[in-house]
Amino acid sequence: MASLRRLVSLRTSLLGTNLSASGSHGGCGGGFRGYNAGLPSEQKIFKLEEEDQLAEDEIAKIRHEFDAAKQSFFNIPDALKGMPKMDPKGIYVNQNLRLENINVYGFDYDYTLAHYSPNLQSLIYDLAKQHLVNELKYPDSCLDFKYDPTFPIRGLYYDKLKGCLLKLDFFGSIEPEGCYYGRRKLTRKEIEHIYGTRHIGRDQARGLVSLMDFFCFSEACLIADIVQHFVDAKLEFDASYIYHDVNRAIQHVHRSGLAHRGILSDPQRYLVKNSQLLRFLRMLKEKGKKLFLLTNSPYYFVDGGMRFMLEDSLGHGDSWRELFDVVIAKANKPEFYTSEHLFRCYDVEKDNLAFSKVDSFLPNRVYYHGCLKSFLHITKWNGPQVIYFGDHLFSDLRGTSKAGWRTAAIIHELYNEIQIQNEDSYRVEQAKFHIMQELLGKLHATVSNSRRSKAFQSLLWELNEERQKARCAMKSMFNRSFGATFLTDTGQESAFAYHIHQYADVYTSKPENFLFYPPEAWLHVPFDIKILPHHVKVASSLFKTQ
């Protein structure tokens with residue numbers, strides 16, 4: 001195959017040289033003439049026919065490989081059954097971490113300690129759309145919208161200039177099947193017409209906003225629904241106004257306490273009880289670890305949620321606050337990491353803030369606001385002895401690097417996506433896709449664009465069709481609109497995966513997964529890591545027949 005590629009390359013260069021020589025034939029000295037130019041016409045014809053025959057032979061060989069591969073698809077090979085499966089409850093490592101060196105464990109609350117049911121997204125969505133209609137005077141017809149859990153995923157981007165929801169890959173290119181204008185998926189031609197290229201350049205990136213935390217599901221869905229509504233109604237609108245209004249409505253739902261009160265009014269509907277969490281926190285305390293809670297949520301909301309989630313496991317008269325050395329609410333992350341705001345002691349009984357200066361954190365007290373600088377000064381918990389758990393890659397984890405803390409990303413979708421990737425049905429389609437990729441690469445290397453035969457065109461079409469089937473099958477196993485959170489349709493890492501790689505030393509689906517590891521464990525990066533350690537790519541060689 002390598003010799004054939006050299007032959008094709010040589011042929012192309014010779015033809016190019018011959019054209020150049022012909023163009024300058026009338027010049028002084030006649031110029032340099034290519035090797036073919038010096039051959040009699042009969043020999044040139046014979047040489048081209050010989051090369052065409054070599055190409056046809058190679059195409060026939062690829063056709064044979066393709067037919068053999070299709071036969072192997074009917075049965076899952078034994079080798080596939082022996083492939084390792086990833087643990088949905090595993091801890092996956094981007095940076096080596098020795099747990100025995102960690103003395104302090106910090107936690108966010110929402111979607112980190114607190115586990116929510118899918119009903120929460122509908123609640124946030126409904127409260128936000130009501131604010132848009134009642135306060136921002138959006139059309140009353142927007143009240144008919146309903147949250148669609150099958151539409152959004154975490155890690156999307158919204159283009160405030162063009163109004164598109166985008167899924168990007170690891171290198172910042174638009175996923176061809178992951179670009180929506182409203183609720184309509186755009187074609188490749190439409191993407192190229194709007195953006196010129198699939199790759200998002202630096203200037204275009206300035207108009208993008210990331211939707212990275214768990215609350216962004218309702219936000220992304222509401223943005224798309226409003227854009228689609230305005231398009232259908234033929235109403236003029238500015239895409240940036242849509243974003244700012246929806247974001248403002250979502251923020252209002254949280255800051256006004258509407259979502260908090262809605263959750264606490266029916267905790268059975270929105271919160272998931274979790275005895276394993278209590279077990280994990282108590283294990284840390286027994287090992288002599290320091291624990292702190294750092295959340296943007298108000299204390300009454302955290303208290304209500306923790307008591308509900310742990311009420312079946314806590315002893316009579318016990319308080320969840322006894323598990324933590326420091327409890328900080330309404331921290332205002334990510335500003336917490338850069339501001340110089342003072343801490344205030346919060347009186348739980350009187351629901352007010354004390355006026356005395358906070359220069360130490362007392363047991364069983366609650367503190368509001370504050371900043372990283374003061375926190376480090378008071379606790380002296382510096383550097384890599386601290387690990388912080390959070391679900392938001394920017395608000396929770398990016399800022400902690402300023403303190404040199406280690407970071408643990410809690411990504412609930414990880415559990416389900418690993419389960420899907422472990423299934424034989426997914427791995428078969430993944431292997432099919434890789435085989436088609438390899439064969440397409442071989443086929444494109446056979447001849448130049450100008451000399452493609454009918455056999456070439458036919459095989460090219462069939463390979464592309466088979467590859468597209470596998471691609472669609474893989475995507476359909478995840479979210480029907482955008483596919484997997486961590487992967488593109490081709491099985492490569494997404495932009496969301498890039499941020500995990502950038503900001504999380506380790507990541508897992510739930511904090512209590514650390515129960516499955518000894519407290520002195522050394523969590524190390526796998527030797528064969530590509531980008532994300534939980535991804536196993538099925539080798540296409542498993543499906544090849546001898």
Side-chain angles (χ1 to χ4, degrees), residues 1-9 11-12 15 48-77 167 169 173-179 184-193 195-199 425-478 480-484 487-492 537-545:
M1 188 62 209
S3 61
L4 178 62
R5 288 177 180 171
R6 288 195 292 271
L7 176 63
V8 173
S9 177
R11 174 176 175 266
T12 303
L15 288 175
L48 290 175
E49 288 177 348
E50 184 180 26
E51 291 175 356
D52 286 344
Q53 185 58 50
L54 284 172
E56 290 301 313
D57 291 344
E58 185 63 26
I59 292 170
K61 181 181 176 183
I62 297 170
R63 163 68 71 180
H64 176 74
E65 289 185 48
F66 178 42
D67 291 338
K70 286 191 293 185
Q71 289 299 317
S72 73
F73 293 162
F74 290 107
N75 299 302
I76 298 175
K167 180 182 179 183
D169 67 15
S173 295
I174 300 171
E175 178 69 3
E177 300 293 319
C179 181
R184 185 176 69 85
K185 182 169 68 175
L186 300 183
T187 65
R188 288 175 181 247
K189 286 186 178 180
E190 289 175 317
I191 294 172
E192 291 176 1
H193 176 74
Y195 290 97
T197 175
R198 280 180 48 217
H199 185 73
S425 57
Y426 176 84
R427 292 184 170 193
V428 168
E429 296 303 329
Q430 189 182 28
K432 286 182 183 179
F433 182 86
H434 289 167
I435 289 173
M436 296 308 110
Q437 286 281 77
E438 288 183 18
L439 294 179
L440 281 166
K442 289 181 181 180
L443 184 62
H444 282 294
T446 57
V447 294
S448 65
N449 291 342
S450 60
R451 300 188 63 81
R452 292 181 172 178
S453 64
K454 289 183 179 179
F456 178 98
Q457 297 289 357
S458 175
L459 183 55
L460 177 65
W461 185 87
E462 290 181 57
L463 288 172
N464 274 322
E465 278 292 298
E466 198 70 37
R467 180 179 66 165
Q468 186 63 16
K469 285 181 189 176
R471 183 174 182 165
C472 291
M474 285 191 291
K475 178 180 178 179
S476 67
M477 297 180 193
F478 298 95
R480 72 177 186 184
S481 301
F482 292 97
L487 296 169
T488 66
D489 296 349
T490 60
Q492 303 301 313
K537 292 183 172 60
V538 178
S540 59
S541 58
L542 294 176
F543 279 73
K544 291 183 178 178
T545 57

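The figures that follow rest on heavy atoms only: side chains count, while hydrogens, waters and symmetry mates do not.
The side-chain heavy atoms of E58 and I62, taken from C-beta on, include a pair separated by under 4.5 Å. Residues E429 and M477 have side chains in contact (heavy-atom distance under 4.5 Å, counting atoms from C-beta outward). Using a 4.5 Å heavy-atom threshold, the side chains of K61 and K442 count as separate.
What you find for F66 and L459 is that their closest heavy atoms are CD2-CD1, 3.8 Å. The shortest non-hydrogen separation linking I174 to I191 is CD1-CG2, 4.0 Å. Taking both residues in full, the closest heavy atoms of A484 and K167 are given as O-NZ, 2.6 Å, listed atom of the first, atom of the second, then distance. Taking each heavy atom of I435 and A69 in turn, the nearest pair found is CG2-CB, 4.0 Å. Looking at every heavy atom in both residues, G178 comes nearest to F482 through O-CE2, 3.7 Å.
Separating the CG atom in L463 from the CD atom in Q437 is a distance of 10.5 Å, to the nearest 0.5 Å. Separating the CD atom in Q430 from the OG atom in S425 is a distance of 11.5 Å, to the nearest 0.5 Å. Between the CD atom of Q457 and the CD1 atom of I59 there is a distance of 9.5 Å, given to the nearest 0.5 Å. To the nearest 0.5 Å, atoms CG (D169) and NE2 (H199) are separated by 8.5 Å.
S476 contributes a side-chain N or O that, together with a main-chain N or O of A473, makes up a donor-acceptor pair within less than 3.5 Å. Proximity of a side-chain donor or acceptor of E466 to a complementary backbone N or O of K432 within less than 3.5 Å is not detected.
At a threshold of 4.0 Å, the pair E177-R471 does not count as salt-bridged, since none of the basic side-chain nitrogens sits closer than that to a carboxylate oxygen. In summary, E175 and K475 do not engage in a salt bridge, as defined by a charged side-chain N under 4.0 Å from a carboxylate O. Looking at K70 and E465, no side-chain N of the basic residue comes within less than 4.0 Å of a carboxylate O on the acidic one, giving no salt bridge.
When K469, R63, R467 are each tested for a salt bridge (charged side-chain N to carboxylate O under 4.0 Å, His left out) with E462, only one passes: R63.
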